Amino acid sequence: DQQVKQNSPSLSVQEGRISILNCDYTNSMFDYFLWYKKYPAEGPTFLISISSIKDKNEDGRFTVFLNKSAKHLSLHIVPSQPGDSAVYFCAAMQGGGADGLTFGKGTHLIIQP
Amino acid sequence: EAGVAQSPRYKIIEKRQSVAFWCNPISGHATLYWYQQILGQGPKLLIQFQNNGVVDDSQLPKDRFSAERLKGVDSTLKIQPAKLEDSAVYLCASTSGPTNTEAFFGQGTRLTVV
């Protein structure tokens with residue numbers, strides 16, 4: 001039973017345009033959400049996060065939006081750069097992280113020159 | 001600041017053999033996690049330590065998997081005996097505390113069981 005779902009296995013975006021990665025969750029107890037970025041043969045690296053008490057968090061080119069009523073979050077990357085090509089994982093936690101992270105399957109973002 | 005160190009990077013074993021993975025977390029990080037990432041899937045939590053105590057091992061297949069963190073620093077994850085379906089990348093991660101939200105991951109150990 002997938003509690004965190006990333007329904008797009010891959011996404012291709014032109015350099016300079018906006019990349020939008022989507023994530024849905026089913027567990028209403030999740031109270032913190034994170035995005036991780038993963039390059040081949042490397043471990044995931046933390047990108048940006050959002051608490052359930054907020055609906056938006058911004059860090060440079062990266063913005064995460066949370067819609068609690070729809071149990072949906074999205075990651076926006078503007079403008080997209082070639083170095084953004086990677087697999088992006090959406091992750092969620094509850095209870096302040098005492099239970100570890102629950103990850104989605106990931107979306108492979110490809111930035112086209 | 002040194003990151004999370006894992007070894008080996010790659011391991012190939014035959015089914016029914018045993019294997020062990022090692023993790024050294026970021027200095028001072030009390031919480032350590034082991035995740036299993038099967039190809040095409042997201043990482044799945046296997047076990048979580050707080051210092052040298054187990055916080056959550058509900059998803060650890062205890063008939064064949066074991067993990068320890070004896071001195072509250074390094075950790076080892078063992079599989080005995082291995083099955084074909086254990087082929088995956090095993091990721092170690094650490095955080096400074098149980099409620100710290102940003103986990104730092106190592107590069108992982110890619111296990112292939114043949």
Side-chain angles (χ1 to χ4, degrees), chain A residues 1-10 21-27 30-54 57 59 62 64 66 86-108, chain B residues 1-10 21 23-26 29-51 53-60 67 88-110:
Chain A
D1 177 35
Q2 278 268 298
Q3 296 188 66
V4 177
K5 300 177 184 178
Q6 293 177 259
N7 293 319
S8 298
S10 65
L21 294 91
N22 293 304
C23 177
D24 298 291
Y25 62 96
T26 58
N27 187 344
F30 286 143
D31 55 16
Y32 206 88
F33 304 89
L34 306 89
W35 286 93
Y36 278 82
K37 177 180 179 179
K38 186 181 182 304
Y39 292 119
E42 294 185 12
T45 55
F46 171 76
L47 192 58
I48 192 169
S49 62
I50 188 166
S51 164
S52 60
I53 62 173
K54 295 185 175 182
N57 188 27
D59 183 4
F62 303 92
V64 56
L66 174 62
V87 177
Y88 289 78
F89 289 100
C90 174
M93 62 167 55
Q94 63 183 70
D99 295 335
L101 292 167
T102 301
F103 283 86
K105 291 186 177 182
T107 296
H108 185 193
Chain B
E1 178 185 74
V4 177
Q6 290 188 247
S7 67
R9 287 295 310 277
Y10 306 94
F21 314 126
C23 172
N24 182 240
I26 292 173
H29 278 196
T31 305
L32 184 148
Y33 309 84
W34 283 101
Y35 287 85
Q36 178 193 57
Q37 186 180 9
I38 293 172
L39 187 64
Q41 305 287 321
K44 184 185 87 170
L45 180 68
L46 291 175
I47 189 168
Q48 176 183 348
F49 291 95
Q50 176 67 16
N51 296 308
V54 175
V55 174
D56 179 11
D57 63 356
S58 58
Q59 298 189 82
L60 187 73
V89 175
Y90 291 84
L91 293 161
C92 180
S94 69
T95 66
S96 58
T99 58
N100 188 292
T101 54
E102 182 182 337
F104 294 85
F105 283 83
Q107 290 183 300
T109 295
R110 179 176 294 277

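Naming convention: chains lettered A, B, ... in sequence-line order (proteins, then strands); numbering from 1 in each chain. Keep in mind the model is a prediction, meaning the values are calculated, not measured.
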Residue, of A:P44, A:A91, A:A41, A:G106, that accumulates the most heavy atom pairs under 4.5 Å with chain B: A:P44
Identify the two heavy atoms, one from B:L45 and one from A:L101, that lie closest to each other, and give their separation to 0.1 Å. CB-O, 4.4 Å
Write down the atom of B:E102, the atom of A:Y36, and the distance for their closest heavy-atom approach. C-OH, 4.1 Å
Name all residues meeting the ring pair (Phe, Tyr, Trp, His ring centres under 6.0 Å) criterion together with A:Y25; count only those two or more places apart in sequence or in a different chain, and write none if there are none. A:F33
Give, for atom CG of B:L91 and atom CD of A:E42, the distance between the pair rounded to the nearest 0.5 Å. 12.0 Å
Which portion of B:R110 sits near chain A, non-hydrogen atoms under 4.5 angstrom: neither
Measure B:Q6 against the heavy atoms of chain A and call it side chain, backbone, both or neither at under 4.5 Å. neither
Nearest heavy-atom approach of B:Q41 to A:F89 is O-CE2, 4.0 Å
A:F30 meets the ring pair (Phe, Tyr, Trp, His ring centres under 6.0 Å) criterion, sequence neighbours left out, with none
Of the listed B:P43, B:S58, B:A93, the one with the largest count of heavy-atom pairs under 4.5 Å with chain A is B:P43
